[in-house]
Participant: 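Okay, here's the structure, questions in a sec.
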Amino acid sequence: MKRYFIFIFFIFLFIKVLPNDYDFAKFLFEDKDYYRCITELKRQFFNTDDTKEKEKITNLIGVSYFFMNDFNKAEESFSKIKNISPEYEKNYFLTLFLQKNFQKILNENLTYEENRKYFLLSKLFFNKAKLEDFENTDSEIKEIAQKYFKIKKKNPYLALFLSAILPGSGRFYSERGGDGVFSFFTIATPLVGALYYKFVNENRTNFIVTVSLASIFYAGELYGSYNSAKIYFEKKVGVYLNEIKNNYSDILFQPYYSF
Amino acid sequence: MSLLINLILSTMLLSNFMVEVPFEKGDTQKIYYDEKYDKNLVDNSLNIIPLLGLRVYQKFISPGQGEVCNFSPSCSNYMFKSIRKYGIVMGFIKGIDRLQRCNLSAKTYAYIFYDTIVFIENRGYKVLDNP
């Protein structure tokens, strides 16, 4: 009886003293202490010989880097295991996507068909997709694509033409009304001065100075309106990308992990 | 001959300014100064004249105005960097465009047309916009 008691006591002691290997790493992960969680996971990686365990730890290290916004190191971790399972491949594509490295995703070979959505999204934001490509996809992806194609492009030459006729209107066209009003006055003010010195108070020196100022600002206005229309689409796509990152964070932009 | 001596002297003066005068008011060039600008310099001796003018403005006129620019780098630094990067004509036009964009609406366009707003010591919140 005494022998059994001692045996059971040691079993309980063993259970108490040696908890699950990942408990502390999980605690650190849940506490958002990702830096120390990575150290703990690397220790586990060093101790284990099981290949499956090593893959799981590599993924967890990658996810920790992902949540630290260190996408380069996350990509490095995920790239080691990307061909093993669809979840790991998803994490790899997700990291590349959030780095806006769309070209690299398009150049990769897709191993698992369920990750085609990331491939399509990259094609979309790389400006190489058509609306027809999204017909047989999930509703979220279709919705993202539809909204993307609604983003308007602005013609830089039209902006240039508008600004040449009425300074500031080209910037209004590119949805920069504040800049448009301000640049209009930077040109109009010296121009009024120039007219004053030409016709009312005739002063040749002041006339030349004011006309030069107006010309300089006019040149700046022409370039500015052209450039603002040129970068308009790119900037709006950037804003839209941030928007979908927030709106679909749980469905599309959440990396896979399990302890 | 005297013109040549003046040119050499002004070049030397400018090179000294480049080392001594910080790129930003305060101490921000350590954070935002990008070394690529030095590698992409346009080698044009005409650049010296506007660059020297800009440095004179920054040294003697700008301190009197106080902290009025909405951007980082400030408009004069933007023009300075633009002239060095794109040459005298394009750099100057880009600088003028920046002057026209530096108005009350600049901060409302942050996160849409400009990447972000940063806090800079001794300068406050500024919209980040590099040439």
Side-chain angles (χ1 to χ4, degrees), chain A residues 69 100 151-152 154 156 159-160 163-164 166-191 212-243 245-246, chain B residues 42 46-47 49-51 53-54 56-57 61 65 68-118 125-131:
Chain A
N69 287 331
K100 296 182 185 175
I151 300 172
K152 286 174 189 167
K154 302 284 181 186
L160 190 71
S163 273
L166 179 67
S169 55
R171 294 188 200 254
F172 265 98
Y173 170 69
S174 309
E175 295 181 11
R176 293 197 192 192
D179 289 355
V181 172
F182 189 74
S183 54
F184 173 78
F185 282 110
T186 56
I187 297 162
T189 314
L191 204 63
S212 308
L213 265 177
S215 314
I216 287 167
F217 281 117
Y218 188 67
E221 162 61 18
L222 289 180
Y223 170 77
S225 56
Y226 172 84
N227 194 45
S228 59
K230 197 178 163 190
I231 63 170
Y232 175 87
F233 182 72
E234 182 196 322
K235 295 288 178 185
K236 285 282 174 180
V237 166
V239 172
Y240 182 57
L241 190 61
N242 287 332
E243 198 183 298
K245 268 185 220 167
N246 295 327
Chain B
V42 177
L46 270 177
N47 286 358
I49 301 157
L51 293 184
L54 279 167
V56 168
Y57 162 79
I61 302 168
Q65 284 185 313
V68 288
C69 185
N70 292 301
F71 288 97
S72 172
S74 62
C75 292
S76 56
N77 276 314
Y78 184 94
M79 193 184 270
F80 193 96
K81 286 178 179 181
S82 295
I83 291 171
R84 290 177 79 193
K85 195 176 176 184
Y86 299 103
I88 188 166
V89 178
M90 206 56 210
F92 187 70
I93 289 174
K94 271 176 171 283
I96 295 296
D97 167 46
R98 169 62 172 276
L99 281 176
Q100 289 175 323
R101 286 187 283 122
C102 187
N103 55 60
L104 291 171
S105 63
K107 278 175 189 166
T108 61
Y109 298 142
Y111 303 108
I112 305 169
F113 297 114
Y114 305 116
D115 289 342
T116 188
I117 294 181
V118 289
Y125 287 96
K126 301 288 168 190
V127 180
L128 197 61
D129 175 45
N130 278 307

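Letters A, B, ... are given to chains in the order of the sequence lines, protein chains preceding strands, and every chain is numbered from 1.
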Participant: Around atom CD1 of B:I61, are there more than 12 heavy atoms of other residues, nucleotides or ligands at under 6.0 Å?
Facilitator: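 Buried by this count: over 12 neighbours within 6.0 Å.
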
Participant: Is it the case that atom NZ in A:K154 sees more than 12 heavy atoms from other parts of the structure closer than 6.0 Å?
Facilitator: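 Counting neighbours around NZ of A:K154, more than 12 heavy atoms of other residues, nucleotides or ligands fall under 6.0 Å, so yes.
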
Participant: Using non-hydrogen atoms and a 4.5 Å limit, figure out which bit of A:S225 sits close to chain B: side chain, backbone, both or neither.
Facilitator: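 Neither the backbone nor the side chain of A:S225 comes within 4.5 Å of chain B.
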
Participant: Given heavy-atom pairs under 4.5 angstrom as the criterion, report whether the side chain, backbone, both or neither of A:T186 touches chain B.
Facilitator: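 The side chain, not the backbone.
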
Participant: Does any heavy atom of chain A fall under 4.5 Å from the side chain of B:Y109, the backbone, both, or neither of them?
Facilitator: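 Answer is side chain: those atoms of B:Y109 sit under 4.5 Å from chain A.
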
Participant: Top residue by heavy-atom pair count (under 4.5 Å) with chain A, among B:Q100, B:K94, B:M90?
Facilitator: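 Result: the option with the highest number of such pairs is B:Q100.
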
Participant: Tell me the closest heavy-atom pair linking A:F182 and B:L99, and the distance in Å.
Facilitator: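 For A:F182 and B:L99, the tightest heavy-atom pair comes out as CE2-O, 3.5 Å.
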
Participant: When rounded to the nearest 0.5 angstrom, what distance separates CG in A:D179 from CG in B:D97?
Facilitator: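 Reported to 0.5 Å precision, the distance equals 8.0 Å.
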
Participant: Which atoms of A:R176 are under 4.5 Å from chain B, going by heavy atoms: the side chain, the backbone, both sets, or neither?
Facilitator: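 When you check distances to chain B, atoms from both the backbone and side chain of A:R176 fall under 4.5 Å.
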
Participant: Under 4.5 Å heavy-atom distance to chain B, tell me which part of A:L222 shows up: side chain, backbone, both or neither.
Facilitator: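 A:L222 has no heavy atom closer than 4.5 Å to chain B.
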
Participant: Assess the residue pair A:F217 and B:I96 against the criterion (side chain to side chain contact (heavy atoms under 4.5 Å, CB included)); give the C-alpha distance rounded to whole Å, side-chain angles, the decisive distance to 0.1 Å, and a yes or no.
Facilitator: CA-CA 6 Å; A:F217 281 117; B:I96 295 296; 3.8 Å; yes

Participant: Looking at A:K236 and B:F113, what are the two nearest heavy atoms and their distance?
Facilitator: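 Minimum heavy-atom contact is CE-CZ, 4.4 Å.
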
Participant: Does A:F185 have more than 12 heavy atoms from other residues, nucleotides or ligands lying within 6.0 Å of its CZ?
Facilitator: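 Counting other residues, nucleotides and ligands, CZ of A:F185 stays at 12 neighbours or fewer.
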
Participant: Got B:F92 and A:I216 here, is their nearest side-chain heavy-atom distance under 4.5 Å?
Facilitator: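 Yes - at least one pair of side-chain heavy atoms lies under 4.5 Å apart.
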
Participant: For B:Y125, does the OH atom sit with more than 12 other heavy atoms under 6.0 Å from it, leaving out its own atoms?
Facilitator: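 No.
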
